[in-house]
There are 2 protein chains.
Amino acid sequence: MSAKNGVKIMVEEIDARKKKILQAVIQEHIISASPIGSRTLAKKYNLDVSPATIRNEMADLEELGYLEQPHTSAGRIPSDKGYRFYVDTIVKKNINPAPSSIQKIEHIYDDMKSVQDIISGMGKMLSNMTHYTSLVSEPKIQESRLRKVQIMELEDNSLLIILVTDTGMVNNKIVKVQEKLSNKKLAYINKFLSDKLENKFLSSLTAEYLTRVEKELLSRIDISAEIIKQIYSEIEDVFEPEDVKVYLGGTSYILEQPEFNDIERLKKVLKLLEQEDILSSLISDFSDSDLEIRIGQENGIEDMQNCSLVVATYYLANRAVGKIGVIGPTRMEYSKVILSVDIISDLLGKLISKASR
Amino acid sequence: MSAKNGVKIMVEEIDARKKKILQAVIQEHIISASPIGSRTLAKKYNLDVSPATIRNEMADLEELGYLEQPHTSAGRIPSDKGYRFYVDTIVKKNINPAPSSIQKIEHIYDDMKSVQDIISGMGKMLSNMTHYTSLVSEPKIQESRLRKVQIMELEDNSLLIILVTDTGMVNNKIVKVQEKLSNKKLAYINKFLSDKLENKFLSSLTAEYLTRVEKELLSRIDISAEIIKQIYSEIEDVFEPEDVKVYLGGTSYILEQPEFNDIERLKKVLKLLEQEDILSSLISDFSDSDLEIRIGQENGIEDMQNCSLVVATYYLANRAVGKIGVIGPTRMEYSKVILSVDIISDLLGKLISKASR
DNA sequence: TTTTAGCACTCATTAAATTAGAGTGCTAAT
DNA sequence: ATTAGCACTCTAATTTAATGAGTGCTAAAA
């Protein structure tokens, strides 16, 4: 009613019927990947109005920016704005929480895998569920606590530095040194590092802190500054990685999407997916909200304008440590994908904490 | 001359001129990716004969199986057999050893990387050099010597098992145990494992040997058989992996090949490249010769009939530990690829041994 | 005032027809 | 043994025509 008196038109620009029609267009387009006409809608969805009325409504929706017309005499396809509206007001409401059937899966992966295996396994599972390409980032090192640091000597002049985080990640580096360390000195260093570093959040182990500790160690033990420096620089490397590692799964599912029958477009996207640094910054750019959706141009990458991303955060001990998500065409089965991403992100967190606990 | 007297025709079925023509067809086809006609050859290659003569020779070459005709009035394309001949008798001769300019590259990667980084980096470099997809397998664990084994305790009831091979690979596993081990016992176990396992070839550490050692340890120390068993099963897991890990590089280069403009064919190959187990057995199937080439159907995989593989072995301390190679269309720039693979495999071996020494 | 039937018009897609040209194989001359 | 000449073949590209889904507008109906 309020929509009828001119003044409030802007406020409620989409009435119930328009909404219904928009939804119908999108759902149909998700299935068919081609423009949708008024007759089709009238037939398949019981909208109780004639094609002519639907045509009028669609013209309105186009004017408002929710639909687009590839050419004059074609049907309509949803715009990014249309998908955004769809996702925000129609899909999200109807998502119900993860079904309990998942607990079965949880057991399969029980305790037999390393964190890396779990991550790539869950990525693959997600892409199998959704038939889109999946994307998973490793737990952020900054959000982890250092659980164990230990240096051991290999024969000759190599040291092996082991760093274990509470997220189950094990980092190792082999360092070559000039000088042989006595067992006693090594034990002392290990003890010292343990005391100073273990159980601290890696974000609190700043470069300044490390430098201070380095100096302190140097003053207490009689070995060359060189070795200590080497050890520390390796430790720092681990703590401040340029990029989070990203695991890709189901890349070939992209080929099943008709929008990538165009080889040129396909090439561009596949090239992108090969560049680890881009993937890394792409996924890191998502907020730590439970689930974020970027539709079409929203993702900001030129060659991915017709892709959407659905990305969830996974948690370890209530810390948002990593992301897992799906990349597919803008014309994506959002409701299914959202559900899957939701379930799998949850599961991923559980499995990793189980494995690293 | 001998070819001229009927009797020896079979022995030397291809005379110098045929060879020259075959070579010309192949070289031209490698460039153009389409059938080659007699006129083109006569024009571009100074064969000093007329197109008509070339036609006759090409008809012969087709009869002998070196060339194929897509359809009656098209030019000829090389068959697998043609490529095989080309590679064996024409290309290989003209390959000269790695130029010394490589030493520059060697320095770039000097000692700053882990073995995994070196492997994937060299794979990428190879695919950038050749513009084909590269394939590298990790050093075979069986060909390595165990350099260090050490078990350490994380807090609560987790143990971290570290295994380092002389190929620079560091394996780690976190194992959960029921019982807490005293430091003394742990030290004893470490000493014991060191003595029994270190510096042995992993191929000599058979399941039987391990079982024997396991029993011996159990008889000497007072802890539950359970823990020992867990530890051993993890160690065994590392020693007997199902698959070698394979690194892929430059997958998107496939798209630049016109033979994969057919989306269906492309899809099949990309699907294959996603299956780690297939890649692993594909590359493992190559002999330990310096360089092996499989052309077209020779590689035995249905969906890769129009692909060739050029695979070299890389060595650590004179042991053939892994493979590195290139996968591309049968119509591949063999001479360039062979050279590149040769250089890079050599470099890879050097870099890994430098990094792990 | 809103909805709907009717109709002329648009435009992409598909199929069919046509053309162009590269290449062959054969024959007869060199 | 080689080559010029020529008829023939077959693909790939281009043009043309046909199809049909879909629209926007108008005027009548609700």
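Just so it is clear, the structure is predicted and the values come from calculations on it, not from any experiment. Every heavy atom of this structure was used, including side-chain atoms; hydrogens, water molecules and symmetry mates were not. So that the names make sense, note that chain A is the first sequence line, chain B the second, and so on, each numbered from 1.
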For this session: May I have all residue pairs that pass side-chain hydrogen bond (donor to acceptor under 3.5 Å, both in side chains) and include part of residues 125-134 of chain B, sequence neighbours excluded?
Result: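 Qualifying pairs: B:N128-B:Y253.
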Show each protein N/O and nucleotides 22-26 of chain D N/O combination with a separation under 3.5 Å, one pair to a line.
{"from": "D:dT23", "atom 1": "OP2", "to": "A:S38", "atom 2": "N", "distance (Å)": "3.3"}
{"from": "D:dT23", "atom 1": "OP2", "to": "A:S38", "atom 2": "OG", "distance (Å)": "2.8"}
{"from": "D:dG24", "atom 1": "OP1", "to": "A:R76", "atom 2": "NH2", "distance (Å)": "2.9"}
{"from": "D:dG24", "atom 1": "N7", "to": "A:R55", "atom 2": "NE", "distance (Å)": "3.1"}
{"from": "D:dG24", "atom 1": "O6", "to": "A:R55", "atom 2": "NH2", "distance (Å)": "3.3"}

Using atom types as modelled, flag every donor-acceptor pair under 3.5 Å from a side chain in residues 36-43 of chain A to any protein atom, sequence neighbours excluded.
{"from": "A:S38", "atom 1": "OG", "to": "A:R55", "atom 2": "NH1", "distance (Å)": "3.1"}

For this session: Would you indicate whether the side-chain heavy atoms of A:I301 and A:I278 approach each other to under 4.5 Å?
Result: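 Yes, close enough: below the 4.5 Å cut-off.
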Problem set entry | Ion pair check, A:E274 and B:K124, cut-off under 4.0 Å | no
[X] [atom1] to [N] [atom2]: how many Å, rounded?
X     : N      : atom1 : atom2 : result
B:E28 : C:dG23 : CD    : C1'   : 15 Å
B:I21 : D:dT2  : CD1   : C1'   : 12 Å
B:I54 : C:dA22 : CD1   : P     : 17 Å

Exercise. Should we say atom NZ of B:K18 is surrounded by more than 12 heavy atoms from elsewhere, each under 6.0 Å from it?
Worked result: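 Above 12, so yes.
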For this session: Mind running side-chain contact (heavy atoms from CB on, under 4.5 Å) on B:V269 and B:I327 for me, showing each step along the way?
Result: CA-CA 11 Å; B:V269 174; B:I327 179 166; 5.7 Å; no
Seminar exercise, completed: Residues at least two apart in sequence or cross-chain that pass side chain to side chain donor-acceptor pair (under 3.5 Å) with B:D290, listed by chain then number, are B:Y315
Produce the list of close N/O pairs, under 3.5 Å, pairing protein atoms with atoms of nucleotides 13-16 of chain C; give distances to one decimal.
none

Exercise. Can you list every ring-ring contact (aromatic ring centres under 6.0 Å, His included) pair that touches residues 45-84 of chain A, not counting sequence neighbours?
Worked result: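 Listed once each, the pairs are A:Y66-A:F85, A:Y83-A:Y334.
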Exercise. Counting just side-chain N and O atoms, does A:R17 come under 4.0 Å of either OP1 or OP2 of C:dT3?
Worked result: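 Looking at the OP1 and OP2 atoms of C:dT3, one of them is under 4.0 Å from a side-chain N or O of A:R17.
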